[in-house]
Amino acid sequence: MPQNKGNPSVANLIQANGGMPLSGRFCFVLQRVNRLISRRLNSVLQSIGITGSQLMILDAIGLDSDLRQKDLAELLGKDHATITANLAPLVRRGLVARNKDCKDRRAQRIGLTPDGVCLLGQARELVAGFETDLGNRVFGEHALGELCRVLNKLS
């Protein structure tokens with residue numbers, strides 16, 4: 001059966017890729033695992049009404065309660081629009097407060113409210129359980145922390 005010249009066969013793509021299918025390539029695997037873990041984490045966090053992206057924001061603010069919104073975006077490697085979109089529901093729920101920066105009226109400082117501190121504590125407990133389960137199923141007790149250290153070298 002002749003091959004369609006406009007559509008290379010899978011075998012030709014694998015051969016052009018050094019003999020390894022994309023599903024075995026580091027970047028592809030990492031991206032696929034990221035999506036899977038993000039979905040599972042969002043499912044775990046659903047019980048307290050936040051997403052993984054919102055948790056990253058709450059956690060960053062919890063570590064530095066006097067961040068400017070711009071600094072938060074840089075810290076998390078997200079654009080300003082993404083931060084704004086994820087902050088809005090947290091502000092509406094009373095978990096995060098925005099205040100004008102007294103030195104720069106264009107900037108906003110963000111901090112956790114008491115309810116935000118409480119919810120962050122709950123979220124950290126849920127994530128700890130999720131990560132313990134994930135780590136034990138995949139690596140063993142302490143290997144997940146080592147994997148995080150190695151992957152952080154890439155960023």
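Please read these numbers as outputs of a predicted model, since none were measured by experiment.
Interatomic distance, CZ of Phe130 versus CD1 of Ile37, reported as 6.0 Å (0.5 Å rounding).
Side-chain contact between Thr113 and Val96 is absent, with no heavy-atom pair separated by less than 4.5 Å. You'll find the side chain of Arg98 reaches within 4.5 Å of the side chain of Leu87, heavy atoms only. The shortest side-chain heavy-atom distance between Asp71 and Leu75 does not fall under the 4.5 Å cut-off. Looking at Asp64 and Leu72, their side chains never come closer than 4.5 Å, going by heavy atoms from C-beta outward. Side-chain contact between Leu120 and Arg124 is present, with at least one heavy-atom pair separated by less than 4.5 Å. Residues Leu90 and Ile50 are in side-chain contact: their nearest non-hydrogen atoms beyond the backbone lie under 4.5 Å apart. Residues Ile83 and Lys70 fail the side-chain proximity criterion, which asks for heavy atoms closer than 4.5 Å. A 4.5 Å side-chain heavy-atom check between Leu119 and Arg93 finds at least one atom pair inside the cut-off.
When atom types are taken as modelled, the side chain of Asn42 and the backbone of Gly52 share a donor-acceptor pair closer than 3.5 angstrom. When atom types are taken as modelled, the side chain of Asp59 and the backbone of Leu55 share no donor-acceptor pair closer than 3.5 angstrom. Remark: side-chain polar atoms of Arg40 are not paired, donor with acceptor, to backbone N or O of Leu134 under 3.5 angstrom. Under the 3.5 Å distance criterion, the side-chain polar atoms of Ser43 are left unmatched by any main-chain donor or acceptor of Arg39.
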